[in-house]
Colleague: 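Here it is, the structure in full.
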Number of protein chains: 2
Amino acid sequence: MSLELTPVQAVACCSPLAREPLSLPDAEGIAPLLKALADPVRLRLMSMVASHEGGEACVCDLNDAFELSQPTISHHLKILHEVGLLDREKRGVWVYYRARTEALQNLAALIGGQAA
Amino acid sequence: MSLELTPVQAVACCSPLAREPLSLPDAEGIAPLLKALADPVRLRLMSMVASHEGGEACVCDLNDAFELSQPTISHHLKILHEVGLLDREKRGVWVYYRARTEALQNLAALIGGQAA
DNA sequence: TGTAAATATTTACATATGTCTATGTCTTTG
DNA sequence: CAAAGACATAGACATATGTAAATATTTACA
């Protein structure tokens with residue numbers, strides 16, 4: 001167990017952007033989460049997993065949805081997993097990723113939350 | 001008038017991530033917005049402007065809040081302005097940036113919106 | 001008009017990022 | 001146990017990014 005918070009945990013700690021100035025440590029904790037989402041391929045991957053039935057999808061399905069190499073998709077999934085936006089579970093030969101929707105909601109609350 | 005949508009306009013066009021898979025064009029339109037926010041300095045700048053009274057702030061105040069060079073802050077403000085997250089207005093010698101809160105809310109709705 | 005102040009632009013550079021090819025690991029099954 | 005399939009990791013490379021120094025632009029005012 002690390003004492004460091006994952007970006008997903010960090011995002012729950014702050015009041016909305018428009019409410020009070022974000023501190024440097026908070027900003028440094030949250031930026032990686034946004035960075036993970038700030039790529040067209042990862043945005044689509046996240047959306048595909050989150051909108052898939054059960055909120056999870058197999059890598060085998062995701063690979064076929066892009067004209068990118070399998071290692072590239074694996075790389076992007078790893079980034080989303082590392083910041084805590086996707087959970088990972090291996091079942092037999094296949095790997096399933098599951099969207100952490102509460103993380104998305106925390107992030108949304110931070111970005112769009114009312115000022116007061 | 002350009003036929004291209006700014007990222008801020010693009011974000012209003014899509015249903016939430018968890019509702020249906022984001023198309024490639026939509027993802028390419030939205031990613032720049034997230035990219036603009038996905039930096040600790042720009043996150044803080046955005047938060048400082050948005051939480052400032054009147055939703056706007058003078059560059060002179062923002063410069064002092066960071067231990068970064070003036071051109072660097074100017075560069076970050078430009079990025080936030082270009083994607084449409086900040087409006088820019090010059091008054092005399094000073095330049096004021098204003099947060100487009102409806103853009104932040106659209107983005108939040110896209111990220112955290114309910115699946116159905 | 002000329003000088004100072006506020007902000008932007010240009011240029012340069014070290015580091016980060018997205019992608020691919022090649023290879024490794026793990027699981028199933030013949 | 002060997003071979004095949006699913007996914008991850010390592011290494012390499014071109015491009016993008018964050019930053020600063022130097023310079024330009026714009027505005028106010030003496």
Side-chain angles (χ1 to χ4, degrees), chain A residues 7 22 24 27-49 52 56-98, chain B residues 7 22 24 27-49 52 56-98:
Chain A
L22 208 59
L24 175 58
E28 285 175 339
I30 293 161
L33 245 187
L34 288 162
K35 218 170 185 177
L37 278 181
D39 175 274
V41 174
R42 291 196 292 270
L43 254 189
R44 292 183 72 202
L45 281 170
M46 192 70 206
S47 180
M48 283 181 187
V49 174
H52 201 269
E56 70 173 19
C58 173
V59 174
C60 52
D61 297 326
L62 301 172
N63 276 329
D64 297 344
F66 295 85
E67 301 200 339
L68 292 169
S69 70
Q70 172 265 318
T72 294
I73 299 300
S74 185
H75 166 71
H76 286 303
L77 289 170
K78 183 182 184 179
I79 288 174
L80 290 168
H81 174 59
E82 281 174 345
V83 299
L85 285 171
L86 289 181
D87 276 338
R88 193 172 169 276
E89 187 183 354
K90 187 164 188 175
R91 298 188 209 139
V93 187
W94 294 280
V95 172
Y96 292 80
Y97 283 91
R98 172 178 294 272
Chain B
L22 208 59
L24 175 59
E28 286 175 339
I30 293 161
L33 244 188
L34 288 162
K35 218 170 184 177
L37 278 179
D39 175 274
V41 174
R42 291 195 293 269
L43 253 188
R44 292 182 72 201
L45 282 169
M46 192 70 207
S47 179
M48 283 180 186
V49 174
H52 202 268
E56 70 173 18
C58 173
V59 174
C60 54
D61 297 327
L62 300 172
N63 276 329
D64 298 342
F66 295 85
E67 300 201 338
L68 290 169
S69 70
Q70 173 266 319
T72 295
I73 299 299
S74 185
H75 165 71
H76 285 303
L77 288 170
K78 183 182 186 181
I79 288 175
L80 289 168
H81 174 59
E82 281 174 345
V83 299
L85 284 171
L86 289 180
D87 276 338
R88 193 173 169 277
E89 187 184 355
K90 188 163 188 176
R91 298 188 208 139
V93 187
W94 295 279
V95 172
Y96 292 80
Y97 283 91
R98 172 177 294 272

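Quick note: numbers below take in every heavy atom, side chains included, and nothing from hydrogens, waters or symmetry partners. The chains referred to below are lettered A, B, ... by the order of the sequence lines, with proteins before strands, and numbering in each begins at 1.
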Colleague: What pair of heavy atoms forms the shortest contact from Ala36(B) to Val83(B), and how long is it?
Modeller: CB-CG2, 3.7 Å
Colleague: Please give, in whole Å, the distance from dT7(C) P to Leu86(B) CG?
Modeller: 14 Å
Colleague: Is there any protein nitrogen or oxygen under 3.5 Å from a nitrogen or oxygen in nucleotides 11-18 of chain C, and what are the pairs?
Modeller:
from: dT17(C); atom 1: OP1; to: Lys35(A); atom 2: NZ; distance (Å): 2.9
from: dG18(C); atom 1: OP1; to: Asp39(A); atom 2: OD2; distance (Å): 3.4
from: dG18(C); atom 1: OP1; to: Arg42(A); atom 2: NH2; distance (Å): 3.0
from: dG18(C); atom 1: OP2; to: Arg42(A); atom 2: NH1; distance (Å): 3.2

Colleague: Whole-Å distance between dC7(D) P and Glu89(A) CD?
Modeller: 13 Å
Colleague: Could you state the atom-to-atom distance from CD1 of Ile73(B) to P of dT19(D) in whole Å?
Modeller: 8 Å
Colleague: Less than 3.5 Å between a donor and an acceptor, one on the side chain of Gln70(A) and one on the base of dA8(D), is that the case here?
Modeller: yes
Colleague: To the nearest Å, how far apart are Leu34(B) CG and dT17(D) P?
Modeller: 14 Å
Colleague: Whole angstrom is fine here: how far is it from CD in Glu82(B) over to P in dG18(D)?
Modeller: 12 Å
Colleague: Checking base pairs now: Watson-Crick or wobble, both atom distances under 3.5 Å. What partners dA30(D)?
Modeller: dT1(C)
Colleague: For Tyr97(A), report the nucleic acid contact type (base, sugar-phosphate, nothing); a contact means any heavy atom under 4.0 Å.
Modeller: sugar-phosphate
Colleague: Nearest of dA5(C), dC7(D), dA8(C) to any side-chain atom of Val93(B)?
Modeller: dA5(C)
Colleague: In whole Å, what is the span from the CG atom of Asp64(A) to the P atom of dG5(D)?
Modeller: 15 Å
Colleague: Considering all heavy atoms of both residues, which atom of Leu45(B) and which atom of Phe66(B) are nearest to each other, and what is their separation?
Modeller: CD2-CE1, 3.5 Å
Colleague: Within the pair Arg88(B) and dA8(C), is there a side-chain N or O less than 4.0 Å away from OP1 or OP2?
Modeller: yes
Colleague: If you look at every heavy atom in Met48(A) and Leu62(A), which pair is closest and at what distance?
Modeller: CB-CD2, 4.0 Å
Colleague: Rounded to whole angstroms, how far apart are CG on Asp61(A) and P on dG5(D)?
Modeller: 18 Å
Colleague: Select one nucleotide: of dT7(C), dA21(D), dC7(D), the one nearest the side-chain heavy atoms of Pro71(B).
Modeller: dA21(D)
Colleague: Indicate the atoms forming the closest heavy-atom contact of Ala38(B) with Ala38(A), along with that distance.
Modeller: CB-CB, 4.3 Å
Colleague: Val41(B) pairs by side chain to side chain contact (heavy atoms under 4.5 Å, CB included) with which of His76(B), His75(B), Met46(B)?
Modeller: His76(B)
Colleague: Decide yes or no for Tyr96(B) and His52(B): does some side-chain heavy atom of the first lie under 4.5 Å from some side-chain heavy atom of the second?
Modeller: no
Colleague: Apply side-chain contact (heavy atoms from CB on, under 4.5 Å) to the pair Lys78(B) and Glu82(B), showing each step before the final yes or no.
Modeller: CA-CA 6 Å; Lys78(B) 183 182 186 181; Glu82(B) 281 174 345; 3.2 Å; yes
Colleague: Specify the residue among Ser69(B) and Leu77(A) whose closest nucleotide of DNA chain D lies further upstream toward the 5′ end.
Modeller: Leu77(A)
Colleague: Over how many whole Å does the gap from Glu67(B) atom CD to dA20(D) atom P extend?
Modeller: 10 Å
Colleague: Using a 4.0 Å heavy-atom cut-off, does Leu68(B) contact any base of the nucleic acid, only the sugar-phosphate backbone, or nothing at all?
Modeller: sugar-phosphate
Colleague: Does dT9(C) have its OP1 or OP2 closer than 4.0 Å to a side-chain nitrogen or oxygen of Lys78(B)?
Modeller: yes
